[in-house]
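The structure under discussion appears below in the form of structure tokens.
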There are 2 protein chains.
Amino acid sequence: MYIKHDMAQTILIATDAVIFTVQDNELKVLLIQMVKLPYQGLWAVPGGLIEQDETTEQAARRILETQTGVTDAHLEQLQTFDSVTRDQLGRVVSVAYVALVPSDSVSLKTTEKYADIRWMPVSNLPSLAYDHDEIVTIAVERLRAKIESSNIVWSLLPKEFALSQLQSVYEKILAKPLDKRNFRRKILDLNLVESTGRRSTGSAHRPAELFAFKQRKTASVKIL
Amino acid sequence: MYIKHDMAQTILIATDAVIFTVQDNELKVLLIQMVKLPYQGLWAVPGGLIEQDETTEQAARRILETQTGVTDAHLEQLQTFDSVTRDQLGRVVSVAYVALVPSDSVSLKTTEKYADIRWMPVSNLPSLAYDHDEIVTIAVERLRAKIESSNIVWSLLPKEFALSQLQSVYEKILAKPLDKRNFRRKILDLNLVESTGRRSTGSAHRPAELFAFKQRKTASVKIL
DNA sequence: TCAAAAGTGTTCGTGCTACACCCATGC
DNA sequence: GCATGGGTGTAGCACGAACACTTTTGA
């Protein structure tokens with residue numbers, strides 16, 4: 001039985017959302033710049049306390065929508081961070097989430113709460129407030145593992161895409177080059193995508209065949 | 001900035017520990033039987049509120065030690081469960097942990113807090129209090145995934161063991177038979193164990209060579 | 001006609017799978 | 001001597017890795 005009314009636990013529960021996208025051929029995280037002390041001027045991942053009658057996932061989704069306008073992104077629980085000293089202002093336990101959004105569907109919303117909001121390349125991040133360095137590091141690891149063992153990439157790409165775009169997303173996230181022929185064969189053999197019949201246009205080279213995911217939902221599949 | 005003093009969040013933080021062992025050739029979970037209403041008589045995984053100045057991991061370790069006397073088991077964070085209605089007595093968010101202990105090192109401690117405490121086979125569990133059915137299900141999935149991709153088995157076995165015992169642990173957890181020759185080759189090729197030179201005694205058949213893990217700590221290794 | 005990305009097959013080696021018999025001991 | 005689990009090798013196949021040239025388009 002958990003509840004004892006004579007015991008005063010004064011710990012707050014927050015959520016932090018590590019929101020990834022691939023943009024300009026780079027893996028990026030959404031960061032906000034803080035206004036108030038003691039973290040004034042520092043960058044952090046968006047987050048906040050949860051409401052009394054809301055789950056942490058609902059809170060993460062709310063934050064995601066507030067910051068990016070995206071409502072149907074892939075969202076999964078990452079891990080709970082609860083070091084006693086992680087927030088200078090008091091004991092706050094944070095349930096962190098990872099969200100993946102296609103960059104073409106995002107419109108960043110500036111609010112008064114933050115000095116700034118920006119996509120920052122994972123390969124070159126400033127040092128972050130709270131324990132957010134650690135959270136982002138672990139989120140990147142999770143993303144790498146998941147992209148190899150499931151079809152979540154769908155959530156980073158627009159509805160139609162060329163196989164080379166898909167390959168590029170993998171290469172950015174895994175931070176290593178992949179063999180074009182092997183990659184194409186693998187993806188096509190897995191039967192996760194289908195040709196739309198359309199082709200890319202407007203580039204000074206051969207147009208690419210455009211594909212779409214057969215199912216836009218996450219499933220467990222060994223990809224690499 | 002998380003803290004707003006005009007906002008009253010009244011949510012408690014607990015931890016629940018799903019403690020596994022392999023005993024009598026079966027995968028088992030440690031369950032306690034509850035005394036108080038509204039869950040009186042129901043079985044549950046051991047857990048409790050965390051202290052103000054303690055992390056959830058420390059709390060989980062404390063619970064593990066209180067119940068089993070084990071101090072150096074493998075312990076890892078599983079997931080946070082925070083359905084608004086998961087505890088009938090109020091809003092409690094639980095950070096669940098998975099612990100693995102070798103059955104030979106455990107001595108269960110009965111306390112007044114519980115009606116009973118017992119190892120129960122995962123293949124045949126009663127229905128549990130709170131959302132503990134779900135927690136245990138997810139814990140078993142995690143255990144299956146982890147045993148294939150890391151060397152955590154060491155934490156379920158005594159210091160010395162026969163390869164057939166090791167194989168049996170895998171078979172119980174994965175709930176499928178493995179080929180003896182392939183399994184032995186795989187384990188020996190991976191170079192994780194070494195012969196102790198000793199052999200098992202006292203059985204009505206050929207004595208087995210006894211092995212030990214070279215390193216009794218967890219690392220990421222693809223096993224199956 | 002040139003630059004730039006799209007598209008396409010084959011070979012080789014590694015590692016997983018399947019499979020059956022003899023060995024050492026206690027009773 | 002028999003029942004019980006311990007211990008051993010090989011062949012086939014699937015899969016991943018490495019690798020280079022032709023095609024199509026816009027400028």
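As a basis for the values below, the full set of heavy atoms in this structure was taken, side chains included, without hydrogen atoms, waters or symmetry mates. In the text below, chain A, chain B and the rest are named by the order of the sequence lines, each starting its count at 1.
Looking at residues two or more places apart in sequence or on another chain, you find a side chain to side chain contact (heavy atoms under 4.5 Å, CB included) between Ser164(B) and Ala162(B). With sequence neighbours excluded, no residue satisfies ring-ring contact (aromatic ring centres under 6.0 Å, His included) with Phe81(A). Partners of Lys109(B) by side chain to side chain contact (heavy atoms under 4.5 Å, CB included), not counting sequence neighbours: none found. Under the side chain to side chain contact (heavy atoms under 4.5 Å, CB included) criterion, Thr66(A) pairs with Arg62(A), not counting sequence neighbours.
Of the candidates dA17(D), dG7(C), dA18(C), dG7(C) carries the atom nearest the Arg184(A) side chain, counting heavy atoms from C-beta on.
Ion pairing of Lys172(B) with Glu26(B) is absent here, as no side-chain N (NZ or NE/NH1/NH2) approaches a carboxylate O to less than 4.0 Å. A salt bridge does not link Glu148(A) to Arg144(A): none of the charged side-chain nitrogens sits closer than 4.0 Å to a carboxylate oxygen.
Applying a 4.0 Å cut-off to non-hydrogen atoms, the residues of residues 168-182 of chain A that approach DNA chain C are Lys180(A), Arg181(A), listed by residue number.
We find that CZ of Phe183(A) is positioned 17 Å from C1' of dA18(D), with the value rounded to whole Å.
Defined by atom type and a distance below 3.5 Å, a donor-acceptor pair is present between the side-chain atoms of Thr80(B) and Thr80(A). Under 3.5 Å, the side chains of Trp43(B) and Ser127(B) contain no donor-acceptor pair of N or O atoms.
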What protein N or O atoms touch nucleotides 22-25 of chain D N or O atoms at under 3.5 angstrom, if any, and at what distances?
from    : atom 1 : to        : atom 2 : distance (Å)
dT23(D) : O2     : Arg206(A) : NH1    : 3.1
dT24(D) : O2     : Arg206(A) : N      : 3.0

